[in-house]
Amino acid sequence: MENTAKDGKIEKGIHFIHQIIEDDLKNGKNEKRIHTRFPPEPNGYLHIGHAKSICLNFGTAEKYNGLCNLRFDDTNPVKEDVEYVDSIKEDIQWLGFSWDNREYYASDYFGKLYEYALILIKKGKAYVCDMTAEEMSNSRGTPTVPGKESHWRNRSVEENLDLFERMRMGEFKDGEKTLRAKIDMASPNMHMRDPVMYRIINARHHRTGDKWCIYPMYDYAHGQSDSVESITHSICTLEFEVHRPLYDWFIKEIGIYAPRQIEFARLNLNYTVMSKRKLLELVKEKYVNGWDDPRMPTICGLRRRGYTPESIRNFADIVGVAKRDNAIDVALLEHCLREDLNKKAIRVMGVLNPLKVVIDNYPEGKDELLDAINNPEDESAGKRKVPFSKVIYIEKDDFMENPPKKYFRLSPGNEVRLRYAYFIRCTQVVKDEKTDDIIEVHCTYDPASKGGNSPDGRKVQGTIHWVSAEYAVKAEVRLYDRLFIKENPDDSEEGKDFKDYLNPDSLRIITGYVEPFLKNTDRDMKYQFERIGYFCFDKDTSPEKLVFNRTVTLKDSWAKMAAK
RNA sequence: UGACCUGUGGUGUAACUGGCAACACGUCUGACUCUGGAUCAGAAGAGUUCAGGUUCGACCCCUGACAGGUCAACCA
């Protein structure tokens, strides 16, 4: 989608949120100011769904020359932690967005929120309630049955003021009293049935310490925080749609600047789960190795897997913004990834499942360095040397003793090209006498085809990758596959839950051979093992041991054909 | 059976606010190629949940069904 907003052209096909924004801009609303915010609760790690929200909020601000704040929604001290604050900041920055110095916390506004509450109490719009959580729940009614009003609903303003002050001073125990908005216990919208504004929690807050023992609820804190920050468009996910009347109610009753809340459908990806609770369960019960396990849809997981920020941003762009529930095909995410990696990755050769090949007519003890192109998509990436010798490894899949038609790789009597090296022809197959397994293959090479072309102009159908047995480096290679075998793991059958659909083969660890170039190369760079896939160094790599993560495979049209 | 929201190819989004549905992914052909990658060319696939209505004309407006989602935490 082209961004034409800046040159003032009317843009076609923009999503409904940008439509609203452009209308507001046209009508001169908010002095034509655009200000969004990304409001995570610091109680977990960010995932690809959050990435969409981040791209929407920061991206919208960028597009319309506005601002986007980072605001931690830290109103519940028992669930939140600084550990999460740091990871969230790191992830947003990695995606390439900046909140400059606008790093805010809902807890920054506790004082102001308290003042606002006083206003509401004085207006007779809020009261202190002595009900227990259970009583409250029982009196709330159901969506079809109206709730009952609390005994304490009609306390005097003075009494409410006094009680609320004493709540703040710590006179009461957790849960003993709450401050509630006085709205309508019969409202068809459950959120309007005298929602709790403040509850008593005697817990230390990660920022305000012991200053407060009453904490505002989300509904009471969020809109007012938006207002304080002069947010123009408060973008959130669909489940908050029914909260909007309450969002608007607080702001109107308090009498402060009114931002506009707009809801969109959260991102869902197939073959994975996205809920914080389920992700936490996978981590805690060790189905994965931590939040940054490369199989996780978390931003840190994707990062470790080898995803680039650009690919994720492009993905967020391309999936669109709408209000209907969606389940996006991971293939689209992977497409965005490959598209980006294809431009950036340094090509190297690595053999994951080695088969020994002896080139009988290649002189014993001889070796040579051959030229290889680092990235055919990017000439500036340059060239490198790859060592060649008499004994090499090729991929087991690249040899078949009895090949089907259209198999272009090595087979008895057939000639193929070793990438950047020579044409070789298979002359002999050596098998294990007992198991009948192929243990090595003998070939002859054509010295005139050095570099990969024969002067006589003859063609070969296949080009395969290889690695010199003498110079190759061993490496641990971690092959990842989708975490779940079911498209929608949330949709479980009777008596099962999402964990019953975990893919037992989501991680396979093997030892492969890679060209020596990788020993001393940039550890942060992305690589393509030619004909196999994209790989990156894992953080477990040490000077003694290289560890690679397979980010994503290359498209494999032969595999597709062979499967038929 | 309450309120609110949403229904367009397999998937996700469009359709200049009423002029007989477009793009991307995926799928399938074929070309090209020192990666069976990339690239290029092409094809199939929806008549817009359904039924009425308004209109010369409806994906778009109205009515009613049907289907899906969200909401009953002192969570966010």
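Each chain gets a letter, A, B and so on, in the order its sequence line appears, and its residues count up from 1. Note that the coordinates shown come from a computational prediction; the quantities given were computed from them, not determined experimentally.
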(message) Heavy atoms only, 4.0 Å cut-off, all strands: where does A/Arg409 land among base, sugar-phosphate and nothing?
(response) base
(message) Under 4.0 Å, counting only non-hydrogen atoms across every strand here, what does A/Ile328 touch: a base, just sugar-phosphate, or nothing?
(response) sugar-phosphate
(request) Report which part of the nucleic acid A/His243 touches: base, sugar-phosphate, or nothing (heavy-atom distance under 4.0 Å, all strands). (result) base
(message) Applying a 4.0 Å non-hydrogen cut-off, can you work out what A/Gln461 is touching in the nucleic acid: base, sugar-phosphate, or nothing?
(response) nothing
(request) Would you indicate what A/Ala559 reaches in the nucleic acid, counting non-hydrogen atoms under 4.0 angstrom: base, sugar-phosphate, or nothing? (result) nothing
(request) Would you classify A/Lys406 as touching base, sugar-phosphate or nothing, given that sugar-phosphate means primed atoms plus P, OP1 and OP2, and contacts are heavy atoms under 4.0 Å? (result) base
(request) Classify the nucleic acid contact of A/Thr178 as base, sugar-phosphate or nothing, counting any heavy atom under 4.0 Å across all strands shown. (result) base
(message) Need one value for A/Arg347: base, sugar-phosphate or nothing, where a base atom within 4.0 Å counts as base even if backbone is also close, heavy atoms only.
(response) base
(request) Identify whether any heavy atom of A/Pro376 sits under 4.0 Å from a base atom; if not, whether one sits that close to sugar-phosphate; answer base, sugar-phosphate or nothing. (result) base
(request) Determine the interatomic distance between P on B/rC25 and the same-named atom on B/rA21; round to the nearest Å. (result) 22 Å
(message) Give me the distance, rounded to whole Å, that separates B/rC20 from B/rC32 when you measure between the P atoms they each carry.
(response) 40 Å
(request) Would you classify A/Asn453 as touching base, sugar-phosphate or nothing, given that sugar-phosphate means primed atoms plus P, OP1 and OP2, and contacts are heavy atoms under 4.0 Å? (result) base
(message) Tell me whether A/Tyr218 and B/rA76 count as stacked here, given that the ring centres must be under 5.5 Å apart and the planes must differ by less than 30 degrees.
(response) no
(message) As a check on the pairing definition, encode RNA chain B in dot-bracket form, counting Watson-Crick and G-U wobble pairs whose two distances are under 3.5 Å, and using | for partners outside this strand.
(response) .((((((..((((.....[..)))).(((((.......))))).....(((((..]....))))))))))).....
(message) Categorize A/Ala133 for me: base, sugar-phosphate, or nothing, with a 4.0 angstrom heavy-atom threshold over every strand shown.
(response) base
